[in-house]
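I have placed the structure first, in the form of structure tokens, so that the comments after it can refer back to it.
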Amino acid sequence: MLGEVLEIALRSIIVSGLAAVLATSWGIPLSLKLVTDDFRGKKFILDVFRALVGIPTVVVGLILYFLFSRSGPFGGLRLLYTPLAIALGQAVLITPLLVSFAYQALEREKGEVWELAMSLGALKNQASSTLIKETIPKLLNASLIAFNRAIGELGVALMLGGNIKGFTRVMTTAIALEVSKGEFGLALSLGGFLLLITYSITAVSRMVGGKS
Amino acid sequence: MLGEVLEIALRSIIVSGLAAVLATSWGIPLSLKLVTDDFRGKKFILDVFRALVGIPTVVVGLILYFLFSRSGPFGGLRLLYTPLAIALGQAVLITPLLVSFAYQALEREKGEVWELAMSLGALKNQASSTLIKETIPKLLNASLIAFNRAIGELGVALMLGGNIKGFTRVMTTAIALEVSKGEFGLALSLGGFLLLITYSITAVSRMVGGKS
Amino acid sequence: MIKLREVYFSYNKEPVVKGVSLSLGNECIALAGPNGAGKTTILKLMAGIYRPKKGEVFIEGKNIWKLPEKEAITLRRKVVYVHENPIVLRGSVLNNVIFGLELRGVSKEEARKKALKLMRKLGIDELAEKDAKNLSAGQAQLLALARALIVEPSYMLLDEPLANLDWKRRKSVLELLKELRETGRSIAIATHDAFLVSLVCSKAYIIENGSVVSETLPPAIFQ
Amino acid sequence: MIKLREVYFSYNKEPVVKGVSLSLGNECIALAGPNGAGKTTILKLMAGIYRPKKGEVFIEGKNIWKLPEKEAITLRRKVVYVHENPIVLRGSVLNNVIFGLELRGVSKEEARKKALKLMRKLGIDELAEKDAKNLSAGQAQLLALARALIVEPSYMLLDEPLANLDWKRRKSVLELLKELRETGRSIAIATHDAFLVSLVCSKAYIIENGSVVSETLPPAIFQ
Amino acid sequence: TRAPVTLRVSTTTSLYATDLLEELARKFQEKHPKVIIEFTPVGSGEALKKAENGDVDMVFVHAPNLEKKYLEKGVLKFGEIFAYNTFVILGPKDDPAGIRDMDPINAMIAIYEAGEAGTTKFVSRGDNSGTHNRELWLWNLAGLDPSGNDWYIESGTGMAQTLMIANEYGAYTISDIGTYLKLSSELTYLTPLVTQGSELLNVYSVYVVNSDVIKGVNERLAYEFQQFVLSDEIQNFIGNYGVVEFGSSLFSPANGDPDGSLREAWNQLAGG
Ligand SMILES: Nc1ncnc2c1ncn2[C@@H]1O[C@H](COP(=O)(O)OP(=O)(O)OP(=O)(O)O)[C@@H](O)[C@H]1O
Ligand SMILES: Nc1ncnc2c1ncn2[C@@H]1O[C@H](COP(=O)(O)OP(=O)(O)OP(=O)(O)O)[C@@H](O)[C@H]1O
Ligand SMILES: [Mg+2]
Ligand SMILES: [Mg+2]
């Protein structure tokens, strides 16, 4: 039992960690683009992302289900009901939250940093990377919060992972299973354990990554 | 059918709106306290909130279920399976996200605004309210994102509301029900409609509340 | 009278103000000295913005860090500090200028009237409705001055008040300061500007490396 | 040679630079004029930081807003603008000073050496390892100067470069600027400081309300 | 006029998802306009747990062995079987285990053997639900224990999800007929292979929560609704429910279980 819980916890960390890495890898450049470029529809995109913070996880799960299912366009990849599918789904799910946080952080610094970089002869992408560097603690914080959101979500893990024992079962799907069994006490203990994990990861990465 | 969907949508907006108002009413003062006061354990509290962004919604639901259940300490209030219970649960759920956003916004402005207020003879609580005023667009943004998170969550609405037709059924529980029925198309349409609602509310309140 | 007695202060570990004692009575004093000597820090200590790590700060005889907030505030409201780099609040220039009056519960209408009069004197009345975040450096400096003057403080602590001002406005500000001296206000100025100091101040403290190294007459210090 | 030809610029609707034409050759020019006249804006236009709404900006004969980024950058890197309120990056003072060299791909070791030498000259070498966000006003000003000087620009555009500096450091900066002039660098200074201008500059543009109202010899403008 | 009274009912999601219960509630309210019936659709285990916590007055379930536990605790009383249908064993269309039209026990054996031979997989609910318990019981009757084998996938999700997983993997699984019929258009790779056999009987029971043990529940009203569900009129209605939509009815009414066969089946399942 304990061994199984640890295995599930480890899987959760890896899957959602991958999701956070993926989301960061496209979310930060996207936020940067939104902050540094002035184009029509920018406000619209931003508001869409803010609205998407509230997309129900099952909806994300459902959409990707259609894409990944055997009869869907990417069915050939056989991604459905694998840990990778969960990671991809969670990465999509947390991107809006990540972008909302990162945009706020970048936007606040942009004016000054950008001007300074330009005044000293930076290329546009050098100015961008200076802006990123200036904001690193806050961006790290954004990724971290996105990771926490991912590890705590249920709908995507259920729809795309299927809660398969020993393969795609993660902490939240395990908790949901215990709830549906009526094992409320066990579900709560698992929830507490999950929080302990997220807290530890949060505290450690903030110690390493510096204050924000 | 359409009438029922509109009724459910309206209920979602009211319930999650109430949740956002509640969470704001305690989340902003709390963030302010974290920003302006220096006390031991502040970092710890902050990291706990960041970790709690990832608390599974069913866990929040479960904990409050125990409190509100007939056999629980607040059973006498008869809150379980009412819209108010959902609102309370969602308010608890979104508080960490709200605090994380608000803290980041307040913290960035604090140093300067606080010094200015002090230099002109502000009482401590006047300095605080000046800080709030300076940050209003960002705080509004935080509340908005918290609202979006609330309206899109499922676990609390299910555990504390019970998805009772015509009484506690909200958009997400309706979507989950359709998914469990296998009515995927309908579930997706409802999801799209929900997003339309959150987008509209986001866009409108940002127009009213000003840029952040 | 504002008085520092054996005051120590540090931002992190290293002390940057080391046992400073000085006082500001019915006079104008100048703080001079090299960059990083501690002038700004000392002014903020005098204003009750920073709390000393050791030593006492008295405003009109009371140790302000030992008073409850309610009592301290009446004293602290007699003192205003103007930053060397102006801090600007959201909203219009006018809203910024009346900020101190709002803190004191003055009605919006009255505050407005008073502000416009003062802004005219400083030559920034035309900026009243402008977004305060979009000012030029000198305009922002004048905003900060107006915001401080409007509350008619007994003690004005000014940090490089003429920096970034054009010549015409320097002149009006200097005249304003002289007027204030004539009505008995106490003024302390941290500055590198000999000219300014010699025109309004009667005493100068030379700060070096966190300590007062000498007290002298203003014109002497820049020779 | 940097040249503005009939340049217009506005932050929002109202234009704040209205048909300005001027040029900076092998010389030192001063920009003077009342607060809010547009001096800072003009310098930023010269540096290629702001894009004119109308008119052209030429650096060494090329319209920089018509060149592809790759070609523009070699020209833009010859020009450095120093803000009136220093902008400070996270990290140590040293890291801030070498920023421009890093942009140009200079190795960290070489950059370090060069930086320390320059900082010694400006009297801020002791601050090298200090957190740059925690500097006094004058220290930050010197940091900004060092950060600009280190890239040895052909054109230096300085916005109130002596504000907040103590007398000793004003002197060293002035000497540095004179040295730069002797080695043929072009300098433009926006300032209200007659003394400074008369010592290094040979020409002054008087800006008022977004336009050049006259060209004169520097000492004349403050009379 | 009396104030409205509320009857709180927990039910398994699969039963609720057919909309039958909302229909029954509507009919009851026609006769008793002051009554509000609130259904909370959840898993079987959760439904029963809520009864124990006093949060519902009444339960609709189909998990005899769980029901028995709560009966023994005294949480439930007046257990009545009100309807039944069948479970079906589904599998890929090419049926690699060759179970088509076998009897259920032999079908399970064939699936086991095909699984061991590496030619197929089986997806189990793995969630202690009524359906899951039935599946375990069938393995037990067949004298087999598939747990731990890598062809035996424990999904730990609801019926719809489990069917989708089986569909994706081209695996065998067991489902209640109602959920399968509702989803059948999605399940392009699955087909029902075994539908006959008393072992596949799926009995739905309705319970009243015992007010002697659980304080504050509305036993009287629950009992009234239970009797209503068991009435001839409603039993008739259940027998015709779903005919229009699916061509066959989703449930057969218990009609008082005249020959006792349903109760016997229940006893078997509960004891197993
Ligand atoms: N926030 C801070 N954190 C740490 N050190 C600081 C901070 N602010 C100032 N210091 C340091 O404290 C010392 C005194 O600074 P202060 O601003 O009082 O100097 P100053 O005399 O006003 O200088 P200037 O003439 O340049 O304005 C300096 O060495 C400075 O680097
Ligand atoms: N970001 C901005 N947005 C809108 N208006 C601005 C902005 N920055 C400056 N302005 C306005 O543009 C005009 C010119 O400003 P600029 O900073 O160029 O003046 P300046 O000559 O440098 O003044 P100073 O001597 O005070 O530094 C001023 O009226 C100012 O209020
Ligand atoms: Mg200073
Ligand atoms: Mg300027």
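Every chain is numbered from 1 and lettered A, B, ... according to where its sequence line falls, protein lines coming before strand lines.
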Check: Quick one: what part of A:F147 sits under 4.5 Å from any heavy atom of chain B, side chain, backbone, both or neither?
Finding: neither
Next item on the list: Please flag which part of A:A150 lies under 4.5 Å from any non-hydrogen atom of chain B: side chain, backbone, both or neither.
Entry: neither
Measuring heavy-atom distances to chain A, does [X] have an atom under 4.5 Å in its side chain, in its backbone, in both, or in neither?
{"X": "B:S100", "value": "both"}
{"X": "B:I55", "value": "both"}
{"X": "B:A142", "value": "neither"}
{"X": "B:M171", "value": "neither"}
{"X": "B:V58", "value": "side chain"}
{"X": "B:L194", "value": "side chain"}

Next item on the list: Output the distance between atom CZ (B:F74) and atom CZ (B:F66), rounded to the nearest 0.5 Å.
Entry: 15.0 Å
Notebook entry, point to check: Going from CD on B:Q104 to CZ on B:R50, what distance comes out if it is rounded to the nearest 0.5 angstrom?
Noted result: 8.0 Å
So which of [options] has the largest heavy-atom pair count under 4.5 angstrom toward chain A?
{"options": "B:T198, B:L62, B:V60", "answer": "B:L62"}
{"options": "B:I175, B:L188, B:V179, B:V53", "answer": "B:L188"}
{"options": "B:I197, B:V48, B:I151", "answer": "B:V48"}

Given side chains that start at C-beta, do those of [X] and [Y] come closer than 4.5 Å, heavy atoms only?
{"X": "A:F39", "Y": "A:I45", "value": "yes"}
{"X": "A:L93", "Y": "A:R149", "value": "yes"}
{"X": "B:L131", "Y": "B:K110", "value": "yes"}

Checklist line | Selection from A:L196, A:L154, A:D47, A:I145 maximising heavy-atom pairs under 4.5 Å formed with chain B | finding: A:D47
Note to self: Taking atom NZ as the centre, does A:K33 end up with more than 12 heavy-atom neighbours from other residues, nucleotides or ligands that are less than 6.0 angstrom away?
What the structure shows: no
Note to self: Check this for me, if you would: do B:R11 and B:E7 make a salt bridge, where the nitrogen-to-carboxylate-oxygen distance has to be below 4.0 angstrom?
What the structure shows: yes
Check: Quick check: does any side chain N or O of B:T173 sit under 3.5 Å from a backbone N or O of B:R169, one acting as donor and the other as acceptor?
Finding: no
